[in-house]
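Shown next, in structure tokens, is the structure this report addresses.
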Amino acid sequence: MLKMEGVQKIYRTDLVQTHALRSLSLEVEEGEFVAVTGPSGSGKTTFLNIAGLLETFDGGRYTLDGKDVSRLSDRERSKIRNVKIGFIFQSFNLIPDLNVYDNVDVPLRYRGLASGERDRRIKEALERVGLASRLKHLPSQLSGGQQQRVAIARALAGSPRILFADEPTGNLDSLMAREVMNMLEEINAQGTTIVMVTHDPELARRMHRNIHIMDGQASDFEDRSDAPVDRIAPRAAAAAPAVG
Amino acid sequence: MEIRPILSALMRNKTGALLIAAQIALTFAITINAAYVIRDRLAIAARPSGVDDEQRVLAVRYTMNSPQNIDAMAQRDLRSLQAVPGVESVAITNQVPLGGGGWSGSFAVQNRRESPSVNAGMVFDDGHLLPTLGVKLVEGRYFRPDEILVIDPNTSRDNPPTALVTRGLAKTLFPNEASVLGKTVYLGNTADSPALQIIGVVDHIETPWAQTSERHLNSVIFPQRLLQPYNYYVVRLRADAAPDTRQQILDTLARNEPDRVTTRGLESIADLRAKRYRGEYAVAGLLLAVTVFLLIVTASGIVGMASLWVNLRRKQIGVRRALGATRADIVRYFITENLMISGTGVVAGLVAAQLLNALLLRQMSLPPLPWGGLAFGVVALLLLGVGSVLGPAMRASRLSPALATRSI
Ligand SMILES: Nc1ncnc2c1ncn2[C@@H]1O[C@H](COP(=O)(O)OP(=O)(O)O)[C@@H](O)[C@H]1O
Ligand SMILES: [Mg+2]
């Protein structure tokens, strides 16, 4: 699904060069639910941005869904983000001036879907996250957990192949965090690959596999023996009951 | 494409948008009326004088210091002017088009009190004036040499029995006649008003005053030389006249008994036109400056507002990019938003423009705003809006999608 080989990222400012990723190599199989952990500043977000085509990289190879994405135009990258990728951010990132319905609609409009199709997808996605009754609410009228669920609905409405989440529970209290985690596990169980950055070891333990990033390098592919992981047929694993 | 969500987002940030819309409305109302007045003034300044090739026709204003034999002196001046190389023809007259001062009289179709009279310029032609000016005769005939009267105002109150009129005056005096040849007009509307028979019609000869009203079309041309010590010599230059011909003309007149003739100025009809319409150009220039200033202020307002909004929405733009918006989508968003604001402003501006125009109509004699001009104004202002927002919109489109994950 996702394969990086020796990916490098250097941030250049006038004074300093930061090697955010030195030579990152890792692989995520279809259907996996992978946690990316590591200390603050180790390059987790950088990895996620590159993986999600939010940023370009300076060296190495990156194949997403069987396609080399190193040399795509900005337009093509936008298209892939729009159709194949779903994002869930730590700070929810809903558009404050748009109501719940219109927020979920944003990526669907960029996709150019017909209004009937969009309406069906929006309602279905909001149904899935249990917010079908809040269509007209503004983000400011919702709790953090509800906002994150809207964001999840927004990511799901496009039926993405892969979901990237950067500390999705970082701004939530533990109850809401658990709710969001359950939801992500359910989504993964239905077949969507998820890559989630977290520094909460408790959460990381619930996942199939942890990738530890240290100083811009994936130090190891840490297979957790107690997790029900089948690397060869991950869909089989996804079909297993969600771990709790 | 995404009009409804843009509109609902806009409705939650009304104040700034309304301020810009109001500014656009005001700019529109003022600009469209200013443009209209400018056009009107420039059209007045560009009216034909009836003189062919104004650059080549010189008017020499003179006063004789000690006039003993005015006619002999004038004839001698005319002969020496004719001999100046580069001079095509010369004439003597009491007034010239756009000259600023001259004679006018009231003309009526009947010599009775009830007959309405029309004010018209009175041009005295020595038999050479029209060809020298290059004024076109459109009907009838020109004066024969034997028709030209020489009138001494100290001893005679005579008037010639024939005259030419301008087409404008003919239409005013005889609105229902196909031809005015042979008709009589009276200089005044009393029983003893002198009668003049119209023997010809000229296309146009501008009055010295070049009024902004229709009256500037009215002139009567008399076949006469008036023996007065101040008059105009009119000189038509050849196309190939040397550049110093003007000076030679002045020198020639000075040589002819210098203490008896003072020239008070030599100006081409083109010079006189520039002088006469200086006010019109000044008004047009001032309004143009105000208009340009307003447009710059408005454009800056839009640029400022759009830049502010781009900065306030950096995060949102990053998120939209992350969710799949292309750069073009972001540019389109800002342009659509701007068109909504400008559109509102322009619609309000159309109403304001009509109100302002109604006010101006009462102050100045202007016809109502033409729809074509309004449509042009609408398009121009919408383009100004789009043009102003383009810079900030392009900047917004270059923001990185990574802003969605980085806290800025
Ligand atoms: N836009 C940027 N410009 C310069 N340096 C950056 C930028 N973004 C991240 N970095 C640096 O890159 C390194 C990795 O950052 P990041 O990927 O955000 O780490 P993490 O998400 O693991 O905390 C850090 O040293 C950070 O300061
Ligand atoms: Mg981070």
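Any value given below was found using the heavy atoms of this structure, including those in side chains, with hydrogens, waters and symmetry copies removed.
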Within 6.0 Å of [atom1] in [X], more than 12 heavy atoms from elsewhere:
X	atom1	answer
A:Q17	CD	yes
A:K3	NZ	no
A:R120	CZ	yes
A:H19	NE2	yes
A:R71	CZ	no
B:F376	CZ	no

- Message: Test of understanding: with side-chain contact (heavy atoms from CB on, under 4.5 Å), list the residues that count as partners of A:L72, not counting sequence neighbours.
- Response: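 By the side-chain contact (heavy atoms from CB on, under 4.5 Å) rule, A:L72 matches A:K67, A:V69, A:E76, A:R77, A:I80.
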
- With chain B, which of A:K79, A:R154, A:E55, A:R75 has the greatest number of heavy-atom pairs at distances under 4.5 Å?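 Highest number of heavy-atom pairs under 4.5 Å: A:R154.
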
- Just give me the residue among A:L98, A:L53, A:N99, A:D166 that pairs up with chain B most often, heavy atom to heavy atom, under 4.5 Å.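 Looking at each of A:L98, A:L53, A:N99, A:D166 in turn, A:L98 comes out on top.
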
- Query: Can you tell me how far CD1 of B:I6 sits from CG of A:D97, rounded to the nearest 0.5 angstrom?
  - Reply: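 The CD1 atom of B:I6 is 12.0 Å from CG of A:D97, to the nearest 0.5 Å.
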
- Query: At a heavy-atom separation under 4.5 Å, does B:R321 approach chain A through its side chain, its backbone, both, or neither?
  - Reply: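 Both backbone and side chain.
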
- Message: At a 4.5 Å cut-off on heavy atoms, which part of B:R313 comes close to chain A: side chain, backbone, both, or neither?
- Response: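 It is neither, since no heavy atom gets under 4.5 Å.
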
- Query: Quick one: does A:D105's side chain get under 4.5 Å of B:P5's, heavy atoms only?
  - Reply: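 Not touching, per the 4.5 Å side-chain cut-off.
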
- Query: Are any of the side-chain heavy atoms of B:D329 and A:R109 separated by less than 4.5 Å?
  - Reply: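 No - every pair of side-chain heavy atoms lies 4.5 Å or more apart.
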
- Do any of residues 383-402 of chain B come closer than 4.5 Å to chain A, heavy atom to heavy atom, and if so which ones, in number order?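 Listed by number: B:S400, B:P401, B:A402.
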
- Heavy-atom closest pair, residues B:A322 and A:F89: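 Looks like CB-CZ, 4.1 Å.
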
- Message: Using every non-hydrogen atom in the two residues, find where B:A325 and A:S78 come nearest and quote the distance to one decimal.
- Response: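 Taking every non-hydrogen atom into account, O-OG, 3.6 Å.
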
- Under 4.5 Å, counting heavy-atom pairs only, tell me which of B:N13, B:L10, B:L323 racks up the most with chain A.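 Going by pairs under 4.5 Å, I would pick B:L323.
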
Interchain contact, [X] with chain B, by part (heavy-atom threshold 4.5 Å):
X	result
A:Q90	neither
A:T46	both
A:L48	neither
A:R111	neither

- Ignoring hydrogens and angles, state whether a donor on the side chain of A:N49 or B:T405 is under 3.5 Å from an acceptor on the partner side chain.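 A donor-acceptor contact under 3.5 Å links the two side chains.
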
